[in-house]
Amino acid sequence: MRITYIPGDGIGSEISESVKQIVDLACSKLGKKIEWELVEAGAAMIEKHNTPLPDEVLTSILKNKVALKGPIETPIGKGFRSVNVTLRKTLNLYANVRPVKNIVGVDTPFSHVDIVVVRENTEDLYAGVEHMVGEDAAESIKIITRKASERICRYAFEYAVKHSRKKVTAVHKANIMKLSDGLFLDCARKIAAEFPQIQYDEKIVDALCMELVISPSKFDVLVCPNLYGDIVSDLCAGLVGGLGIVPGANIGTEASVFEAAHGSAPDLAGKNLANPTALLQSAIQMLHHIDFGDVATHIESALFTFYSTSKLRTKDLGGTLTTSEFTKEISSFI
């Protein structure tokens, strides 16, 4: 099995190498093998290729159908367009899927959190369609289409059926954006009618955020337009310990990219301090996706055993464990 391997910027190379070592070890224990096809993307590629996303990256992903990607820096308010957004739009990676679940041993104010955020990934305000209106105003265009809305809602309900989930909640602000979010809700209701075995409800996004920090255990699968999904998925990550431990997947019909949801943390780059857990959990998602379920389960068991039995933690979780030490600890359970 050949997989495109994109280390990323900042801490990307360190956590990507950690995850690759752990995956390779688990594969060797179970008689499986992954061939990693290394391609580079990110800020360092601009000088060499005049773009942070060289054509060879897209070519490799389309050829292999699956990629594991470390975090890539996105400049704020200036500079090049987000590589993550470009990948999603160019490869039509229409579903961003983030399972958020408590890990025993990671202390948080909440327990029994087990939520999957399914986020539309190609349109809405997050697509970045914007322009200046004169010198003193900027306009962003919110585009919601029936095709994309029905597609993401169908994905959410099919995911719920496949993974024995009980409820799908559509997230919206249709009380104010009656046309755009109203269309999204119309599509959600239409698709929900095709899945009578799955409970369906709707939540206004601000009310949802309040309820998530009061009683998150009452939510199951959340299906969201792009911008709300970006915000809500990070909020959910905070319920279980932060972006450093939750996975992320970008699913399309022709290819899928698995990545950590957190940033590139350039201030930590090269210091051997980053926590690879989020990217490792993303790799577990990836392994299930490519039907390496036995390898995925083996790694997940090692990861959860480490957290539940060891008091060692990386810096983000209050400990002193380095990236390389974390890799050795997880490897010892495989």
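We use all heavy atoms of the structure for the numbers below, so side chains are in, but hydrogens, waters and symmetry mates are not. Remember, it's a predicted structure, so these values are computed and weren't measured experimentally.
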Practice task
Provide the closest heavy-atom pair for Ile15 versus Pro71 in the form atom of the first, atom of the second, distance.
Solution key: CD1-CD, 3.8 Å
Problem - Non-hydrogen side-chain atoms of Ile251 and Tyr155 separated by less than 4.5 Å - result: yes
Handout entry: Rounded distance [0.5 Å steps], CD1 in Ile299 versus CD1 in Ile284
Key = 6.0 Å
Handout entry: Val168 and Gln199, any side-chain heavy atoms less than 4.5 Å apart
Key = no
Exercise for the section: Check whether the side chains of Asn102 and Asp114 place a donor and an acceptor atom closer than 3.5 Å, and report yes or no. Expected result: no
Practice task
Ignoring hydrogens and angles, tell me if any N or O in the side chain of Glu123 forms a donor-acceptor pair with the backbone of Thr145 under 3.5 Å.
Solution key: yes
Practice task
Output, in order, the C-alpha distance, side-chain angles, deciding distance and verdict of salt bridge (charged side-chain N to carboxylate O under 4.0 Å, His left out) for Asp24 and Lys33.
Solution key: CA-CA 7 Å; Asp24 284 343; Lys33 182 174 177 57; over 6 Å; no
Problem - Contact check, side chains of Pro7 and Glu17, non-hydrogen atoms, under 4.5 Å - result: no
Problem - Leu208 side chain near Leu222 side chain, heavy-atom distance below 4.5 Å - result: yes
Problem - side chain to side chain contact (heavy atoms under 4.5 Å, CB included) partner of Val39, chosen from Thr59, Val57, Asn64, Leu58 - result: Val57
Practice task
Find out whether Leu185 and Glu202 are in side-chain contact, i.e. whether some heavy atom of one side chain is under 4.5 Å from a heavy atom of the other.
Solution key: yes
Practice task
State, to 0.1 Å, how close Ala188 and Ala170 come at their nearest heavy-atom pair, and which atoms those are.
Solution key: CB-CB, 3.9 Å
Practice task
Examine Arg119 relative to Tyr126 and say whether NZ or CZ is less than 6.0 Å from the centre of the six-membered ring and inside a 45° cone about the ring axis.
Solution key: yes
Problem - Backbone of Glu329 reached by a side-chain donor or acceptor of Ser332 within 3.5 Å - result: yes
Practice task
Examine distances only and state if a side-chain atom of Ser233 and a backbone atom of Asp230 form a donor-acceptor pair shorter than 3.5 Å.
Solution key: yes
Handout entry: Salt bridge Lys328-Glu325, side-chain N to carboxylate O under 4.0 Å
Key = no
Fill in the blank from the handout: Residues Ala44 and Asp9: closest non-hydrogen pair is N-OD1, 4.3 Å
Practice task
Would you indicate whether the side-chain heavy atoms of Lys101 and Ile115 approach each other to under 4.5 Å?
Solution key: no
Practice task
Give a yes-or-no answer on whether the side chains of Ser331 and Gln21 include a donor-acceptor pair shorter than 3.5 Å.
Solution key: no
Exercise for the section: Return yes when atom NZ of Lys147 has more than 12 non-hydrogen atoms of other residues, nucleotides or ligands closer than 6.0 Å, and no otherwise. Expected result: no
Handout entry: Pair Glu14 + Lys271, salt bridge at N-O below 4.0 Å
Key = no
Exercise for the section: With the side chain counted from C-beta on, respond yes when Ile290 and Phe258 share a heavy-atom pair under 4.5 Å apart, and no when they do not. Expected result: no
Completion exercise
Note: Ile61 and Ala67 closest approach over all heavy atoms is CG1-CB, 3.9 Å
Handout entry: Separation between CD of Gln197 and CZ of Arg165, rounded to the nearest 0.5 Å
Key = 15.5 Å
Exercise for the section: Return yes if a side-chain donor-acceptor contact under 3.5 Å exists between Thr122 and Glu120, otherwise no. Expected result: yes
Completion exercise
On a heavy-atom basis, the closest approach of Pro99 and Pro247 is O-CD, 3.4 Å
Exercise for the section: Step through the shown structure and confirm whether more than 12 heavy atoms of other residues, nucleotides or ligands are within 6.0 Å of NZ on Lys142. Expected result: yes
Handout entry: Within 6.0 angstrom of Glu35 CD, more than 12 heavy atoms from elsewhere
Key = yes
Practice task
Please answer whether the main-chain N or O of Glu211 pairs with a side-chain N or O of Ser215 as donor and acceptor at a distance below 3.5 Å.
Solution key: no
Problem - Electrostatic pair Asp234-Arg98, nearest N-O below 4.0 angstrom - result: yes
Problem - Pairwise side-chain contact, Leu280 with Leu303, heavy-atom cut-off 4.5 Å (strictly under) - result: yes
Problem - Side-chain donor or acceptor of Ser264 paired with backbone N/O of Ile72 under 3.5 Å - result: no
Exercise for the section: For atom CZ of Arg2, decide whether the heavy atoms of other residues, nucleotides or ligands shown that lie under 6.0 angstrom number more than 12. Expected result: yes
Handout entry: Minimum heavy-atom distance Ser28-Leu25, with the two atoms named
Key = OG-O, 2.7 Å
Problem - Derivation of the side chain to side chain donor-acceptor pair (under 3.5 Å) call for Tyr307 and Thr277 - result: CA-CA 10 Å; Tyr307 274 112; Thr277 298; 2.7 Å; yes
Practice task
Count the heavy atoms belonging to other residues, nucleotides or ligands that lie under 6.0 Å from NZ of Lys65, then report whether that count exceeds 12.
Solution key: yes
Practice task
Would you please say whether a donor-acceptor pair under 3.5 Å links the side chains of Thr253 and Tyr94?
Solution key: no
Handout entry: Ser18 (side chain) donor-acceptor with Thr327 (main chain) under 3.5 angstrom
Key = no
Problem - Between Tyr228 and Asp124, a side-chain donor and acceptor under 3.5 Å - result: no
Exercise for the section: Inspect the surroundings of NZ in Lys167 and state if more than 12 heavy atoms from other residues, nucleotides or ligands are less than 6.0 Å away. Expected result: yes
Exercise for the section: Answer yes or no: is there an ion pair linking Lys63 with Glu37, defined by an N-O contact shorter than 4.0 Å? Expected result: yes
Practice task
For side-chain contact (heavy atoms from CB on, under 4.5 Å), just list the numbers for Leu68 and Leu279, CA-CA rounded to whole Å, side-chain angles, deciding distance to a tenth of an Å, and then say yes or no.
Solution key: CA-CA 8 Å; Leu68 181 68; Leu279 190 60; 3.9 Å; yes
Exercise for the section: Verify whether one side chain among Thr314 and Asn275 offers a donor that lies under 3.5 Å from an acceptor in the other. Expected result: yes
Practice task
Taking the six-membered ring of Phe195 (Phe, Tyr or Trp), confirm whether the NZ or CZ of Arg154 is under 6.0 Å from its centre and within 45° of its axis.
Solution key: no
Practice task
Verify the cluster assignment for Leu125 and Val205: are they in a single hydrophobic cluster under the rule of side-chain heavy atoms below 4.5 Å apart?
Solution key: no
Problem - From CD1 (Ile34) to SG (Cys27), nearest 0.5 Å - result: 4.0 Å
Handout entry: Leu179 atom CG: more than 12 heavy-atom contacts under 6.0 Å
Key = no
Problem - CG/Asp55: more than 12 non-hydrogen atoms of other groups inside 6.0 Å - result: no
Handout entry: Same apolar cluster (I L V M F W Y, side chains within < 4.5 Å links), Leu87/Ile152
Key = no
Problem - Donor-acceptor contact below 3.5 Å, side chain Ser301 vs main chain His298 - result: no
Handout entry: Main-chain N/O of Ala274 paired to Thr323 side chain as donor or acceptor, under 3.5 Å
Key = yes
Handout entry: No-hydrogen, no-angle side-chain donor-acceptor test under 3.5 Å, Glu259 and Asn250
Key = yes
Exercise for the section: Inspect the contact between Lys173 and Asp181 and indicate whether a charged nitrogen and a carboxylate oxygen are less than 4.0 angstrom apart. Expected result: no
Practice task
Determine the interplanar angle of the Phe157 and Tyr200 rings, folded into 0 to 90°, and report it as parallel if under 30°, tilted if 30 to 60°, perpendicular if over 60°.
Solution key: tilted
